[in-house]
Amino acid sequence: MIDKITEILNNVNNFVFKKENNAASFRLLYLSKKGVITELLNEFKTIPNNEKKLVGAQLNILKQKVEEIYQHQTELEEKTNQSKNKHKDSTLPVYQEGPGSYHPLRIVEDRLLDIFFSLGFDLAEGPEIEDDKHNFSFLNFTKDHPARDMQDTFFIAEHVLRTHTSSVQIREMEKGKLPLRLVMPGRVYRNEAVSARSNCFFHQIEGLYIDKGVSFADLKQTLYYFVQQFFGEGTKVRFRSSYFPFTEPSAEMDIWAGLETEENRRLTKGTGWLEVLGCGMVHPNVLDACNINSLEYKGFAFGMGIDRITMLKYGINDIRDLFLNDKRLLFQFSGV
Ligand code: PHE
């Protein structure tokens with residue numbers, strides 16, 4: 001029996017605890033009613049009296065060792081369970097972050113689009129990675145046209161990151177369905193130095209209306225209506241003549257932001273006027289490139305920057321703040 005006890009003591013000392021071999025299974029094996037120790041105690045009763053002293057002492061050593069190991073392992077497992085459950089107290093109150101909210105750019109874009117939807121414009125979208133044809137050449141930028149420099153372009157091999165949403169005009173005109181009355185929102189990219197006022201990407205809404213007999217007066221009236229709706233009745237606007245290769249005549253539209261606040265003076269560079277969009281009558285070359293008879297059809301187009309309008313509307317001073325992914329910015333717009 002001594003040999004048996006020595007072997008078991010050996011096993012006990014070498015017992016490896018794992019996930020499935022835990023304190024409970026150790027207890028079951030050695031300390032339960034049907035366990036090894038009970039078995040040995042029963043056997044102990046049957047051995048001759050003169051052996052009892054020696055075997056009994058060995059048995060006691062084994063029993064103490066088993067209990068010691070069991071005790072130690074139980075404590076260890078309790079400790080790990082405690083630390084696991086530390087962050088799982090389901091009775092703690094829920095940490096309230098407040099309701100979700102739309103990004104201010106999304107809020108402004110939705111409002112702008114709604115105004116044009118109410119005038120009968122439909123939605124269209126195009127890809128951000130464009131080819132030269134849609135971003136430039138069909139828009140009447142010839143290969144060495146100096147106006148290509150107006151928009152510092154990111155190139156990706158044979159392609160470009162679109163520098164304006166005017167590329168979507170071409171994609172829609174190419175489809176060959178007329179008349180067209182569309183608003184086309186999206187992100188555009190320019191290789192410009194990043195600062196508080198300009199970013200290497202921003203957002204535009206392009207507008208396009210092509211039909212028989214569309215005039216510059218229609219363009220002005222549409223934009224005038226838009227400004228009154230968005231910026232409020234009585235907002236002053238002015239048109240300045242301008243140049244874009246794809247429109248003729250071309251104009252830029254400013255709204256009167258005023259000179260009252262420091263911020264308005266800064267945003268308008270001390271003039272009080274804020275440029276919000278470029279526009280004009282679609283150039284006949286553009287219509288012809290897209291197989292639209294420029295003698296029969298006329299059109300107007302405009303493109304506005306959403307970021308600048310958003311900054312003006314909400315008094316955001318730095319365009320980069322819009323893209324920090326800082327939840328504190330978003331919380332200011334919950335419920336807007
Ligand atoms: N695409 C021009 C720009 O990004 C804006 C524009 C659009 C001008 C449509 C005229 C007509 O600056």
Side-chain angles (χ1 to χ4, degrees), residues 96-119 121 123 125 128 151 162-165 168 183-190 192-207 222-240 252-279 302-336:
Q96 287 282 3
E97 286 222 59
S101 60
Y102 286 113
H103 192 280
L105 273 179
R106 164 69 55 222
I107 295 168
V108 170
E109 184 183 295
D110 282 351
R111 280 219 51 211
L112 293 169
L113 290 174
D114 274 344
I115 293 168
F116 290 102
F117 292 157
S118 77
L119 285 171
F121 283 74
L123 185 77
E125 282 174 300
E128 291 180 12
Q151 306 179 347
R162 68 177 174 197
T163 58
H164 51 184
T165 42
V168 192
V183 272
M184 299 157 273
R187 183 173 285 191
V188 304
Y189 300 83
R190 291 192 198 168
E192 273 168 27
V194 175
S195 70
R197 288 176 55 91
S198 66
N199 204 358
C200 51
F201 66 87
F202 54 99
H203 301 80
Q204 290 187 326
I205 294 179
E206 192 83 7
T222 303
L223 293 178
Y224 187 73
Y225 175 80
F226 146 70
V227 169
Q228 306 310 309
Q229 289 291 307
F230 187 81
F231 292 100
E233 264 341 293
T235 305
K236 277 199 285 183
V237 300
R238 72 175 184 190
F239 288 84
R240 281 177 294 107
E252 276 167 284
M253 190 184 78
D254 301 338
I255 64 162
W256 177 249
L259 285 167
E260 285 87 60
T261 67
E262 170 73 34
E263 203 177 309
N264 281 1
R265 285 193 290 275
R266 201 175 47 79
L267 270 172
T268 64
K269 289 183 186 157
T271 65
W273 291 101
L274 193 86
E275 182 199 321
V276 288
L277 57 84
C279 61
F302 58 85
M304 65 179 87
I306 309 174
D307 310 64
R308 191 99 77 75
I309 293 175
T310 304
M311 290 166 73
L312 178 76
K313 180 125 181 128
Y314 294 118
I316 297 167
N317 295 326
D318 190 322
I319 190 168
R320 294 166 293 194
D321 288 347
L322 291 171
F323 309 106
L324 288 177
N325 269 349
D326 189 332
K327 279 197 275 183
R328 288 171 304 176
L329 178 106
L330 293 183
F331 290 152
Q332 291 181 286
F333 293 91
S334 56
V336 172

Between [X] and [Y], is any pair of side-chain heavy atoms under 4.5 Å apart?
X: L123; Y: F117; result: yes
X: L312; Y: L274; result: yes
X: V237; Y: L223; result: no
X: N199; Y: D307; result: no
X: P104; Y: L330; result: yes
X: R197; Y: M311; result: no
X: E109; Y: I205; result: yes
X: M253; Y: V227; result: yes

Check for a donor-acceptor pair, side chain of [X] on one end and backbone N or O of [Y] on the other, with a separation under 3.5 Å.
X: Q229; Y: I115; result: no
X: R238; Y: I255; result: no
X: R162; Y: V188; result: no

Next on the checklist: side chain to side chain contact (heavy atoms under 4.5 Å, CB included), that's the test. Do V108 and F230 meet it? Break it down for me.
Outcome noted: CA-CA 9 Å; V108 170; F230 187 81; 3.9 Å; yes
Next on the checklist: Quick one, F116 with T222, criterion side chain to side chain contact (heavy atoms under 4.5 Å, CB included). Give me CA distance, side-chain angles, the key distance, then yes/no.
Outcome noted: CA-CA 9 Å; F116 290 102; T222 303; 4.1 Å; yes
Item to check | Spacing of R190 atom CZ and C200 atom SG [to the nearest 0.5 Å] | outcome: 12.0 Å
Checklist outcome for this item: Interatomic distance, CG@L112 vs CD1@I107, rounded to 0.5 Å, equals 12.0 Å
Checklist entry - Above 12 or not: heavy atoms from other molecules or residues under 6.0 Å from NZ of K313? => result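 It does: K313 NZ has more than 12 such atoms within range.
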Next on the checklist: I'd like to know whether CG of N325 has more than 12 heavy-atom contacts from other residues, nucleotides or ligands below 6.0 angstrom.
Outcome noted: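 Counting other residues, nucleotides and ligands, CG of N325 stays at 12 neighbours or fewer.
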Give me the atom names and distance for the closest heavy-atom approach of [X] to [Y].
X: S198; Y: A193; value: OG-O, 3.3 Å
X: E263; Y: G315; value: OE2-CA, 3.1 Å
X: P185; Y: L113; value: CG-CD1, 4.1 Å
X: T268; Y: G272; value: OG1-N, 2.9 Å
X: F331; Y: S101; value: N-OG, 4.2 Å

Next on the checklist: Before you tell me yes or no, could you show the steps for E275 and W273 under side chain to side chain contact (heavy atoms under 4.5 Å, CB included), namely the whole-Å CA-CA distance, both residues' side-chain angles and the distance that decides it to 0.1 Å?
Outcome noted: CA-CA 7 Å; E275 182 199 321; W273 291 101; over 6 Å; no
Checklist entry - Given the rule in the side chain to side chain contact (heavy atoms under 4.5 Å, CB included) test, do Y314 and L329 qualify, once you have shown the distances and angles that lead to the verdict? => result CA-CA 11 Å; Y314 294 118; L329 178 106; over 6 Å; no
Next on the checklist: Tell me which one of H203, E206, E128 satisfies side-chain hydrogen bond (donor to acceptor under 3.5 Å, both in side chains) with T165.
Outcome noted: E206
Checklist entry - Are F302 and F226 close enough that their ring centers fall under 6.0 Å? => result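 When the ring centroids of F302 and F226 are compared, they turn out to be at least 6.0 Å apart.
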